Amino acid sequence: MSAALDRRALLRLAGGLTATAALGSTLPATATATVDERAGGRRRGLRDLAARRGLAVGTAVDMAALVDDARYRDVVVREFDSVTAENVMKWEAVEPERGRLDFAAADALVRFARRHRQVVRGHTLVWHNQLPSWLTDGGFGDAELRSILRRHVHQEAGHFRGRLTAWDVVNEPFEEDGSMRDTIWLRALGPEYVEDALRWASHADPRARLYVNDYNVEGLGPKSDAMYALVTRLRRRGVPVHGVGIQGHLSIAYDFPAGVVENVRRFTDLGLEVALTEVDVRMPLPVTEEKLAVQADYFDRLLRACLAERRAVSYTVWGFTDRYSWVPGTFPGEGAATPFDADYRRKPAYLALRDALTDHPRSALPS
Ligand code: XIL
């Protein structure tokens with residue numbers, strides 16, 4: 001992935017140039033009009049509204065789009081105060097060959113974020129997907145896999161030490177029934193791999209907030225029960241875990257998950273943070289007004305569940321424009337899952353987010 005990105009473009013992006021000046025020759029004429037940063041007069045975006053609520057509002061960032069598309073950059077800067085690398089911090093991206101580390105694209109994102117006063121959420125250290133083939137095809141024994149994983153967590157979390165607010169240390173550890181997902185890590189290390197990874201990450205970056213992250217844990221159910229049992233046990237054992245990441249990949253083909261507010265509250269009642277880490281709401285195509293209205297309602301209800309709990313600290317969308325969303329490529333026949341359409345027009349979902357941030361009192365805030 002990162003190999004496909006032009007290194008000079010990454011450097012320009014991360015350097016001292018303004019977002020719209022980087023790669024200026026390829027900019028569409030409208031690009032400079034959408035962001036007004038003069039004299040602090042940045043046009044209001046979700047980030048300004050959310051900051052007053054004590055909530056970070058983020059997006060996953062597609063690095064190729066960030067490098068190539070000035071309109072994309074402008075929206076990232078205007079709307080969000082938190083960013084997550086959609087792909088460039090994954091293991092296959094940072095260590096494509098064994099021992100050859102490549103943090104160029106991820107570093108460019110971190111520098112871009114700092115320049116635009118955004119925090120960065122790290123995604124992800126331990127997962128079963130997007131692993132490098134040298135690892136999956138290597139025929140390693142259990143003990144060697146453990147030491148490979150430990151080294152990876154130390155190297156990557158250590159590389160970004162002090163620069164990220166949070167890490168999705170373990171991603172998607174559960175099956176739908178709440179059992180531990182059958183992965184290369186479970187098979188080699190046993191269920192203790194979660195605890196091991198959190199301890200290694202804490203050692204490498206003591207200040208980062210350490211999360212366990214999964215999907216289909218929005219509402220009450222067997223999978224969120226398993227997450228609850230896991231983090232309860234980890235806390236009791238003194239394992240460094242600070243937050244639960246609720247991905248938030250929803251579809252309007254299903255009912256809105258039941259018990260989201262209660263579910264968020266049971267985690268925050270443990271003293272943990274909750275972050276909505278990857279919100280998108282896909283729909284069967286074609287798009288209709290009715291579907292957009294249901295989608296807006298789903299985005300809104302997830303956000304309001306966050307706003308209801310002071311320790312629900314962050315709400316991140318998994319891409320903000322249908323132009324680059326992962327959904328059509330992964331769910332055939334579905335799409336239009338983000339708050340902006342493919343031409344960067346605000347959809348009802350965007351307006352719902354804006355209104356929720358404007359209206360909703362932060363109920364758990366001390367008066
Ligand atoms: C997805 C990216 O969006 C795609 O570009 C990539 O091809 C596959 O991964 N859960 C996660 C994310 O934790 O890392 C996934 O991101 C989406 C599902």
Side-chain angles (χ1 to χ4, degrees), residues 1-5 58-69 72 76 80 82-96 105-106 109 120-133 135-136 152-153 156 160 164 166-176 180-181 183-185 194 197 201 209-218 223-224 227 243-251 254 257 274-282 298 302 314-332 334-340 342:
M1 169 73 193
S2 62
L5 294 167
T59 182
V61 171
D62 174 333
M63 279 309 285
L66 196 75
V67 168
D68 291 337
D69 182 344
Y72 182 93
V76 171
F80 302 103
S82 174
V83 293
T84 304
E86 183 169 358
N87 286 299
V88 298
M89 290 188 187
K90 292 172 181 174
W91 199 336
E92 70 174 5
V94 300
E95 195 179 1
L109 177 62
V120 182
R121 299 184 60 86
H123 177 79
T124 174
L125 294 171
V126 184
W127 194 25
H128 58 281
N129 278 335
Q130 292 179 277
L131 294 169
S133 54
L135 170 56
T136 49
H152 166 67
V153 171
E156 181 157 18
F160 293 107
L164 309 184
W167 263 114
D168 293 331
V169 176
V170 179
N171 197 31
E172 303 181 345
F174 298 113
E175 306 279 4
E176 291 307 301
M180 294 295 288
R181 185 190 284 270
T183 69
I184 185 173
W185 308 120
V194 174
R209 313 294 287 166
L210 305 181
Y211 278 66
V212 180
N213 192 50
D214 215 325
Y215 62 93
N216 285 351
V217 293
E218 291 73 27
K223 208 168 172 183
S224 64
M227 178 71 95
V244 171
I246 296 176
Q247 290 187 2
H249 294 293
L250 302 183
S251 166
Y254 306 104
V274 167
L276 272 287
T277 53
E278 305 185 15
V279 179
D280 56 16
V281 182
R282 59 191 188 273
Y298 283 25
L302 287 182
S314 180
Y315 181 98
T316 289
V317 295
W318 204 245
F320 57 85
T321 167
D322 295 339
R323 197 176 191 90
Y324 301 112
S325 166
W326 73 302
V327 166
T330 307
F331 302 93
E334 296 185 86
T338 78
F340 287 82

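As the structure lists them, so they are numbered: ligands from 1, and atoms in each ligand from 1. Quick caveat: nothing in here was measured; it's all calculated off a predicted structure.
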Applying side-chain contact (heavy atoms from CB on, under 4.5 Å) to Met180 and Trp185, what does each step give before you reach the verdict?
CA-CA 10 Å; Met180 294 295 288; Trp185 308 120; over 6 Å; no
With a cut-off of 4.0 Å, which atoms of ligand 1 are near a heavy atom of Asn171?
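Once the distances to Asn171 are compared, the set is 11 (C), 13 (O).
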Atoms of ligand 1, numbered as shown, that sit under 4.0 Å from any heavy atom of Glu172
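Under 4.0 Å from Glu172, ligand 1 has these atoms: 10 (N), 11 (C), 13 (O), 18 (C).
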Specify the protein heavy atom at minimum distance from atom 8 (C) of ligand 1: its residue, its atom name, and the distance to 0.1 Å.
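I find the closest protein heavy atom is Gln130 OE1, 3.4 Å.
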Would you mind checking which non-hydrogen protein atom is closest to atom 11 (C) of ligand 1, with the distance to 0.1 Å?
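Its nearest protein heavy-atom neighbour is Glu278 OE1, 3.0 Å.
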Looking at ligand 1, does any of its N/O atoms fall within less than 3.5 Å of an N/O of Trp326?
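There is no such contact.
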For ligand 1 and Trp127, I'd like to know whether there is a polar contact (N/O to N/O, distance under 3.5 Å).
no
For atom 9 (O) of ligand 1, which of the options Glu86, Met89, Lys90 provides the nearest non-hydrogen atom?
Lys90
Counting only N and O atoms by type, is there a donor-acceptor contact under 3.5 Å from the side chain of Asn213 to the main-chain atoms of Glu172?
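Between the backbone of Glu172 and the side chain of Asn213 there is no qualifying donor-acceptor contact (under 3.5 Å).
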I'd like to know if the side chain of Tyr72 reaches the main chain of Tyr324, judged simply by a donor and an acceptor atom lying under 3.5 Å from each other, with no hydrogens or angles considered.
no
Hey, is Thr330 touching ligand 1 through its side chain, its backbone, both or neither, going by heavy atoms under 4.0 Å?
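Neither; no heavy atom under 4.0 Å.
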Where on Asn87 is there a heavy atom closer than 4.0 Å to ligand 1, on the side chain, on the backbone, on both, or on neither?
side chain
Mind running side-chain contact (heavy atoms from CB on, under 4.5 Å) on Trp326 and His249 for me, showing each step along the way?
CA-CA 11 Å; Trp326 73 302; His249 294 293; 3.5 Å; yes
Which residues pass the salt bridge (Lys or Arg N to Asp or Glu O under 4.0 Å) test with Arg121, sequence neighbours left out?
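Applying salt bridge (Lys or Arg N to Asp or Glu O under 4.0 Å) to Arg121 gives none.
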Tyr215 touching ligand 1 at heavy-atom level, < 4.0 angstrom
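It does not, in that no heavy atom of Tyr215 comes within the 4.0 Å cut-off of ligand 1.
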Go through the steps for Trp318 and Thr84 under the test side-chain contact (heavy atoms from CB on, under 4.5 Å), then give the verdict.
CA-CA 9 Å; Trp318 204 245; Thr84 304; 3.9 Å; yes
If I take atom CE from residue Met227 and atom CG from residue Asn216, how far apart are they, to the nearest 0.5 angstrom?
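Met227 CE to Asn216 CG: 11.5 Å, rounded to 0.5 Å.
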